[in-house]
Number of protein chains: 2
Amino acid sequence: MMVRKKIPEKSVERICRYREILLEYQSIGKEFIFSHELASEVRVSPAQVRRDLMYFHLKGVPQQGYRVSEFLYEIDDLIDPKEVQDVILIGVGNLGKAILSYFTHKRPKLSIVAAFDVDANKVDRVISGCECFHMRDLQKFTREREIKIAIITVPAQEAQAIANTLVESGIRGILNFSPVLLKVPADVYLECIDITTSLEKTVYFSRGRR
Amino acid sequence: MMVRKKIPEKSVERICRYREILLEYQSIGKEFIFSHELASEVRVSPAQVRRDLMYFHLKGVPQQGYRVSEFLYEIDDLIDPKEVQDVILIGVGNLGKAILSYFTHKRPKLSIVAAFDVDANKVDRVISGCECFHMRDLQKFTREREIKIAIITVPAQEAQAIANTLVESGIRGILNFSPVLLKVPADVYLECIDITTSLEKTVYFSRGRR
DNA sequence: AGGCAATTGTGAATTAATTAACAAATTGTT
DNA sequence: AACAATTTGTTAATTAATTCACAATTGCCT
Ligand SMILES: NC(=O)c1ccc[n+]([C@@H]2O[C@H](COP(=O)([O-])OP(=O)(O)OC[C@H]3O[C@@H](n4cnc5c(N)ncnc54)[C@H](O)[C@@H]3O)[C@@H](O)[C@H]2O)c1
Ligand SMILES: NC(=O)c1ccc[n+]([C@@H]2O[C@H](COP(=O)([O-])OP(=O)(O)OC[C@H]3O[C@@H](n4cnc5c(N)ncnc54)[C@H](O)[C@@H]3O)[C@@H](O)[C@H]2O)c1
């Protein structure tokens, strides 16, 4: 089997953004797109777009650009898992609920299939369209359903312990919203969204220091 | 006045993370920290930490490290605004509410002072500890209070129009949660948190392609 | 006090990411 | 059917970010 060249994080990120724009184009019936159009939408250089395209095989034609449907197909093929990917979420608080309601039917290949919490008001109910179970069932569920991806939205002080449990039960990727830099084995992928840092960055750079 | 060297985004981001760790150290009574300790907490190299330190003036001592309180002071001095920074939030939906409740008293120098929405169920009430006003009052409020920072948590299709209004009323920095790549003038700082992309990245890289 | 071990601060070297540049290709035009 | 105008695909050049490496300090131990 031919092994695809590894793609740097930044490129994967941009490619996901290209998809947003392409879906928009598709929805308004545009069949073709130029690298410079995509570039200006995503705020990168046209050269950057074409460079990213080298990671997968898409032929554009001069004077015409890339066929949107083909482009989207290639992105799906590259980025999306082959089967629907089941995801779980830990911590059905304010943020957890927002995410649950958002991802219901958002992407065909991504589905949050269960949420877990310790709060008696939350377990054994359907919250924001998602079944919520008690933490004690986490390991069993994860193992049986072979869940590979988890989203952590528990309070900071709980996050590391939960990450440990997740890793133990076979999780391969974690999207972490707690402000804690979790420690996980090198072969588990960890993506952190640190909203506080983002806001601090915004404040810092809005003060004109650029 | 001596002009500080401009600091790259990545460094600012790391410096904000250092602060998290330093606050933790302080809370458990540790007075000093080594570059390698901080580095391993934040998952960067010790050299990287020391390099970032060159952006501000902090003296460490060999065999002892950096004084935590001094380190924190320098970060505050560099990153934080001099006065309390008032922030507004647009779109008091699931995500907006989560953010409002989270940032109440989170950072002494950051305060979400008002939220705006069009939904009659939300305006003129206090939601998650924050006063919520109707969108029609946005411009007036922003101008009068000289608000410089806004958080956008409205549906995708509304985001650009709201960004335009914000820019018009003098906003200098936007933290955007909608999946739209907003167009703003070059002198307005735009930070985007794209949760969908982050989840897609997590799924992609958890499939072992690294 | 003097030597040993550890750690800082920073240029130099390396690696990664981005942009520039341009030949090859394609379309429409005269 | 040759030409002009674009736009692609890719290599080379540039710029940015990270790591290396090591002299200079400092604390600690004997
Ligand atoms: N809400 C935000 O805007 C925001 C912003 C930045 C960071 N965060 C981080 O996201 C996380 C969640 O924030 P939130 O505002 O939703 O908090 P929250 O308190 O509303 O929700 C936390 C949820 O986790 C559950 N929980 C607690 N301990 C648990 C455990 N051991 N196992 C399973 N579930 C447990 C609680 O019952 C609760 O439902 C926190 O780490 C917070 O720091 C949130
Ligand atoms: N919730 C999530 O986890 C999540 C994840 C990724 C992205 N997002 C994005 O964040 C944004 C908000 O998501 P959400 O889940 O909170 O949506 P939501 O529908 O719960 O909230 C949107 C809020 O915006 C208000 N609103 C609508 N039009 C407005 C206008 N013109 N002016 C002011 N307010 C207006 C609505 O009344 C509502 O209160 C969306 O753009 C969404 O794509 C959310």
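Numbers restart at 1 for each chain; the letters A, B, ... are given by sequence-line order, proteins then strands. The model shown is predicted, which means the values in this text are computed figures rather than measured ones. Reckoned from all heavy atoms, side chains included, excluding hydrogens, waters and symmetry mates.
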Counted 5' to 3', the first and last nucleotides of DNA chain D within 4.0 Å (strictly under) of a heavy-atom of chain A are D:dA5 to D:dT11

The nucleotide from C:dT7, C:dT26, C:dA21 with an atom nearest the side chain of A:Arg50 is C:dA21

B:Asp52 vs B:Gln64, nearer the 5' end of DNA chain D by closest nucleotide:
B:Asp52

Pair B:Glu168-B:Asn164, side chain to side chain donor-acceptor pair (under 3.5 Å): steps then yes or no:
CA-CA 6 Å; B:Glu168 222 181 286; B:Asn164 296 346; over 6 Å; no

Residue whose closest nucleotide on DNA chain C lies nearer the 5' end, B:Met54 versus B:Gln63:
B:Gln63

How many Å lie between NZ on A:Lys10 and P on C:dT19, as a whole number?
10 Å

What's B:Ser35 touching, base or sugar-phosphate or nothing? Going by heavy atoms closer than 4.0 Å.
sugar-phosphate

Spacing between B:Leu53 atom CG and C:dT8 atom C1', to the nearest angstrom
10 Å

Would you please say whether a donor-acceptor pair under 3.5 Å links the side chains of B:Glu9 and B:Tyr189?
yes

For B:Pro8 against B:Tyr55, the heavy-atom pair lying closest together
CD-OH, 3.2 Å

side-chain contact (heavy atoms from CB on, under 4.5 Å) evaluation trace for A:Ile152 with A:Glu158
CA-CA 10 Å; A:Ile152 294 184; A:Glu158 312 287 338; over 6 Å; no

When the distance from CZ of A:Phe32 to C1' of C:dG28 is rounded to whole Å, what number comes out?
16 Å

Given B:Asp52 and B:Gln48, is the side-chain contact (heavy atoms from CB on, under 4.5 Å) satisfied, shown in steps?
CA-CA 6 Å; B:Asp52 287 335; B:Gln48 181 79 81; 3.8 Å; yes

Could you check whether the rings of B:Phe71 and B:Tyr18 sit parallel, tilted or perpendicular, using 30° and 60° as the cut-offs?
perpendicular

Figure out the CD/C1' separation between B:Gln48 and C:dT8, and round it to whole Å.
16 Å

Can you check whether A:Leu110 reaches B:Glu200 side chain to side chain, under 4.5 Å on heavy atoms?
yes

Along DNA chain C (nearest heavy atom to each residue), the more 5'-positioned of B:Phe34 and B:Ala47
B:Phe34

Axis bend over the full length of the helix from C:dA1-D:dT30 to C:dT30-D:dA1, computed from five pairs that close each end, to 10 degrees:
0°

Is A:Gln157 atom CD crowded by more than 12 heavy atoms from other residues, nucleotides or ligands, each under 6.0 Å away?
yes

In terms of ring plane angle, is the pair B:Phe116 and B:Phe133 parallel, tilted or perpendicular, where the classes change at 30° and 60°?
tilted

